[in-house]
Structure formats: structure tokens, C-alpha cells
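In this text, all values refer to a predicted model and were calculated from it rather than measured experimentally. Residue numbers count from 1 along this sequence.
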Amino acid sequence: MRGVSRSYGGAAAPALSELSLSLDRGEFVTLLGPSGCGKSTALACIAGLQPLSGGSIWRDGTRVDRLPAHRRGFGMVFQSYALFPHLSVQRNVEFGLSMRGVHKAEREKRAIDALKLVQLSDHAQKLPSQLSGGQQQRVAIARALAIEPEIVLMDEPLSNLDAALRIEMRTEIKRLYQERGLSVIYVTHDQEEALSLATRMAVLRHGRLEQTGTPEELYARPASPYVAGFMGYRNLFPARVVGSAGEGLVKVAASVIELIGVTDAETLRSGDAVTVAIRPEDVEIADTPSAPNAIGALAEVVEYHGREVAVRAVVDGGFAIDLKTSKRVAAGDRVRLTVPPERVLVFPADSSAAPTEEELDDDGK
Ligand SMILES: Nc1ncnc2c1ncn2[C@@H]1O[C@H](COP(=O)(O)OP(=O)(O)OP(=O)(O)O)[C@@H](O)[C@H]1O
């Protein structure tokens, strides 16, 4: 995509603004962001379901954004399975092939192969209404794969499924991706789904690309508080710089606590406003009082999560820190917390603000 924009008539802001993004063969790129950030619009533009207002889309050096959808050769899977209720599972899978003028015998063979791939061979003659939600979504995937596309576009394909099925289907999609050597663009607002499937992630905000990188890169070093919010940095709070602490390190104060953290910003000075981002997993309950970034706090809420507990600990002055620990903690305990300085990320306060509560809630967390 080269500088792709898309404005809907009547809307104040464009749904996509000069989005440039590439997909290499064999990549699994997830487009991640809150509701309304333009993910579905981006996919619809690629697929040929929405016209562009500006920019262009290319495939192997050929401009495709003016081709009709069925001539772009993409397989597509949507949130709503979009199956024909009166056609059998097999006929549904054959549908895209008839559209492309594939002959009957070949159509049947490819549909049977695709259904085998998604492990639904025994259900070929049933109607969609006789299948579970997960099975119906597998039919939709089989239909997309039957046309033997090199590139598959998926728009929130798992969001209508319950939690257990979602995880099962996620693994299934990854298996098919690996087995068939596909290239995939996958839209989701679910960070965990994006992280577990992607070879590369692209985070969108207000129709623009905020950051792209491997899951590891975005998880370890988000470029802004906004991306950090999506990568599970639940502790996002304003602070002030109070001094330098060595190469790439900065000392900050927030309410009554002082922390040393890392920053990529080279121009931070004492007194500057910053945003601090810390993941609950990186906050430890310390046994040693001399550990760096020691914070005394009171465990206020403890939630049992199996192997771990999630704790909301309150520092003097009402400042709350969320953490996860496998240590035994009960509500009302006094705890001493530490965070390794390299896991305290410090952003200049003007670097794309943290996501709003609404944007994060939207992410289901
Ligand atoms: N058909 C349309 N007409 C007018 N505005 C639209 C239309 N479709 C989307 N929009 C607007 O464009 C923006 C981007 O929408 P889009 O559906 O691409 O976002 P999204 O990130 O996929 O959201 P969701 O996760 O809720 O599907 C939103 O502000 C939305 O209201």
C-alpha cells in the first residue's frame, strides 16, 4: 500500500490517512488497533471492496487497486462467516470456484481437498445451520483456501467464537498458514491474537500507521505509550524527569515514587513531562530491600489467575500499580516492589498519548 487514503462521504476525518504498508511473501501481518482506527477499511481497500480516495496498491509491481475484487486473487475470511444458508457445506466452498469459472469436476476435487484441510470432510453434505460456530468459520476458511490464493485477507475471523474455540481456531489458522505457505493480512483488536499469530504487526491509530515490527519488537520496545497500551503495559502514568541516570537512563518522579527507566528520547531534561509504561509481569515482589526501583506499597486487590495472582498495589498517596506474581500475597499485605530499570519505559509526554480507557476497554481488557 502506497500512501493509501480513504474518506467516507460525510465523515469529518478520513478513515485511512496515507497508509503505507508492505507484505512480503510468507509474512503473517496483523493489523491491530481499537474500534474505528481503520483496520477493516484498510483490508477492504486491499480486497477491492472499498475504493481508495488516494494512493495506490501494488502486487509484485502491478497496480491492483483498480481491478475488481475477484480479479485480485485474494482469499477472504470475515467475522460473519457469510455462508449461504441454503447451500451445503461443499457447495459453499465450491461457490468461489464457480465464480472463477472452474469446471465441475475440478471444483468438487478442490472443495473436498479444502474441507479435508480444515478437518470437515465428514460434514460436506450438511447445511451451515447444522454446524457449530467454529465449524462454520472453518467452512469460510476452506472457501477462501479453495481458490488457492497466495494471499489471504482475514477480518476478525474469530471474534464471533467463544474463548475456547477462539484459541483452538487460532492454532488452526497458524497451522494452515504454515502448511500452505500462505501470506496473510489479519485484522484484529485483540492483542493476544495479534501477538500469537503475527510474524509482523502493524498498529493503527486514527487511520495512520503508529508502529510496525515483529511481535518481540513491539512487546519489548513499543515506540509510544499508545502501542505500549496495546502490548499489555497496564501501568501507564504521567511523571516528571528529575535527572539523568547514565547512558539511555533517566530518573523520573511520579507522585511519591522515584524510578530509573530507559528512554530512546535524547532531549529529555529535568522538569520535562513524561509518560511511564510498565508491564504487570515486570513488577516483582522483592526480597532484597536494596533492589533498584524499590517501592513500598499495600496489596489492595488480589485476583487468582491459576499459577499467578494479579495484584493491585497502592503506594502512599493513592497511586496504584498492577503486577503479576507467583508469590503468595493476600489483600492487606504490605509489599516491597521492584522493577528492573530496563523494563521501565519512559516516553516524552508529547509522544503520541497513551490510549484512552475507551480504546483499551475496546480491546477486551
Ligand atoms: N461505510 C462507512 N461509511 C461511513 N463511515 C464509515 C464506514 N465504514 C467505516 N466508517 C468509519 O471509518 C472509520 C474506520 O472504520 P473501520 O471499520 O475501518 O475501523 P476498524 O478499526 O475496522 O473498526 P472495528 O474494529 O470496529 O471494525 C470509523 O470512524 C468508521 O466510523
Side-chain angles (χ1 to χ4, degrees), residues 27-37 39-40 42-44 47 75-83 89 92-93 114-120 122-123 126 128-145 152-180 182-204 214-216 218-219 227 229-232 234 279-281 303-308 310 324 355 358-365:
E27 274 196 307
F28 196 124
V29 171
T30 52
L31 299 183
L32 177 67
S35 181
C37 73
K39 309 176 296 287
S40 298
L43 208 71
M76 282 184 273
V77 185
F78 300 100
Q79 176 177 350
S80 63
Y81 324 123
L83 301 177
V89 163
N92 263 285
V93 177
L115 285 170
K116 197 188 288 173
L117 206 62
V118 297
Q119 291 158 11
L120 281 181
D122 296 344
H123 302 272
K126 290 186 181 166
S129 59
Q130 294 172 293
L131 302 183
S132 72
Q135 289 169 332
Q136 290 182 44
Q137 193 53 294
R138 269 150 58 191
V139 177
I141 292 172
R143 184 178 54 190
L145 295 180
V152 180
L153 309 175
M154 297 190 173
D155 191 353
E156 308 241 11
L158 307 183
S159 54
N160 282 347
L161 306 178
D162 68 40
L165 250 183
R166 241 190 345 250
I167 293 176
E168 197 184 309
M169 284 300 296
R170 196 169 80 191
T171 309
E172 192 71 358
I173 287 173
K174 190 127 195 194
R175 178 181 70 80
L176 288 171
Y177 154 73
Q178 290 168 350
E179 233 176 75
R180 302 291 291 237
L182 300 170
S183 308
V184 182
I185 307 180
Y186 186 105
V187 163
T188 178
H189 63 262
D190 182 326
Q191 162 243 3
E192 203 183 296
E193 206 169 287
L195 276 171
S196 52
L197 287 170
T199 56
R200 189 156 57 90
M201 296 165 74
V203 180
L204 297 189
T214 64
E216 293 82 1
L218 265 67
Y219 194 63
V227 177
F230 271 99
M231 292 297 114
R234 258 181 89 115
R279 276 200 318 238
E281 296 83 343
E303 289 172 13
Y304 179 68
H305 286 190
R307 263 179 51 177
E308 288 179 324
K324 280 197 175 157
E358 205 178 282
E359 283 174 330
L360 280 181
D361 278 353
D362 195 64
D363 196 29
K365 289 185 291 286

Student: Give a yes or no on whether the backbone of D190 and the side-chain of T188 come within a donor-acceptor separation of less than 3.5 Å.
Tutor: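 Indeed, once roles are kept as given, a pair shorter than 3.5 Å links the two residues.
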Student: So, the side chain of R234 versus the backbone of P280: is there a donor-acceptor pair under 3.5 Å, distance only?
Tutor: no
Student: How long is the straight-line distance from OG of S40 back to CG of L31, given to the nearest 0.5 Å?
Tutor: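 The CG atom of L31 sits 9.0 Å away from the OG atom of S40.
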Student: First locate atom CG of L158, then atom CD1 of I167, and finally report the distance between them rounded to the nearest 0.5 Å.
Tutor: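 One gets 10.0 Å once the value is rounded to the nearest 0.5 Å.
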Student: Who passes side chain to side chain contact (heavy atoms under 4.5 Å, CB included) against A144, sequence neighbours left out?
Tutor: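 Partners of A144 by the side chain to side chain contact (heavy atoms under 4.5 Å, CB included) criterion, ordered by chain and then number, come out as V77.
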Student: Could you tell me the separation between the CG atom of L176 and the CG atom of L182, rounded to the nearest 0.5 Å?
Tutor: 7.5 Å
Student: Could you measure the distance from the CE atom of M201 to the CD atom of E216? Nearest 0.5 Å is fine.
Tutor: 10.0 Å
Student: If you take all heavy atoms of R138 and V118, which pair is closest and at what distance?
Tutor: NE-O, 3.0 Å
Student: Do R143 and L83 have side-chain heavy atoms sitting under 4.5 Å apart?
Tutor: yes
Student: Please report the shortest heavy-atom distance between M231 and R279, naming the atom on each side.
Tutor: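 Minimum heavy-atom contact is O-CD, 3.9 Å.
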Student: Working to the nearest 0.5 Å, report the span between CG of L197 and OG1 of T30.
Tutor: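 Rounded to the nearest 0.5 Å, the CG-OG1 separation comes out at 7.5 Å.
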Student: How close do L145 and R180 get, heavy atom to heavy atom, and via which atoms?
Tutor: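 Heavy atoms only, the tightest pair is O-NH2, 4.1 Å.
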Student: If you count the non-hydrogen atoms of other residues, nucleotides and ligands that lie under 6.0 Å from CD in Q178, is the total more than 12?
Tutor: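 Yes, enclosed.
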Student: Please give me the minimum heavy-atom distance between A114 and A142, naming the atom from each residue.
Tutor: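 Closest heavy-atom pair between A114 and A142: CB-O, 3.5 Å.
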Student: Classify the ring geometry of Y186 against F28: parallel below 30°, tilted from 30° to 60°, perpendicular beyond 60°.
Tutor: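 Y186 and F28: tilted rings.
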Student: Would you check if the side chain of K39 reaches a backbone N or O of G33 as a donor-acceptor pair within less than 3.5 Å?
Tutor: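 Such a contact is found between K39 side chain and G33 backbone.
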Student: Is there side-chain contact between P128 and V139, with at least one heavy-atom pair below 4.5 Å?
Tutor: no
Student: Taking the side chain as C-beta and beyond, is there a heavy-atom pair between M154 and I173 under 4.5 Å?
Tutor: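 Yes - at least one pair of side-chain heavy atoms lies under 4.5 Å apart.
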Student: Report yes or no: does E308 contribute a side-chain atom to a donor-acceptor pair with the main-chain N or O of H305 at less than 3.5 Å?
Tutor: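 Pair absent, no side-chain N/O of E308 close to backbone of H305.
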Student: Between I141 and P157, is there a side-chain heavy-atom distance shorter than 4.5 Å?
Tutor: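 No, too far: nothing below the 4.5 Å cut-off.
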Student: What residue pairs, at least two apart or across chains, pass salt bridge (charged side-chain N to carboxylate O under 4.0 Å, His left out) with a residue in residues 170-179?
Tutor: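 For residues 170-179, and leaving out neighbouring residues, the salt bridge (charged side-chain N to carboxylate O under 4.0 Å, His left out) pairs sorted by first residue read R170-E192, E172-R175, R175-E179.
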Student: Applying ring pair (Phe, Tyr, Trp, His ring centres under 6.0 Å), name anything that partners Y219, two or more places apart in sequence or on another chain.
Tutor: none
Student: Got a second to check how far Q137's CD is from M169's CE, nearest 0.5 Å?
Tutor: 6.0 Å
Student: Less than 4.5 Å apart, side chain to side chain, heavy atoms only: is that true for Q135 and L120?
Tutor: yes
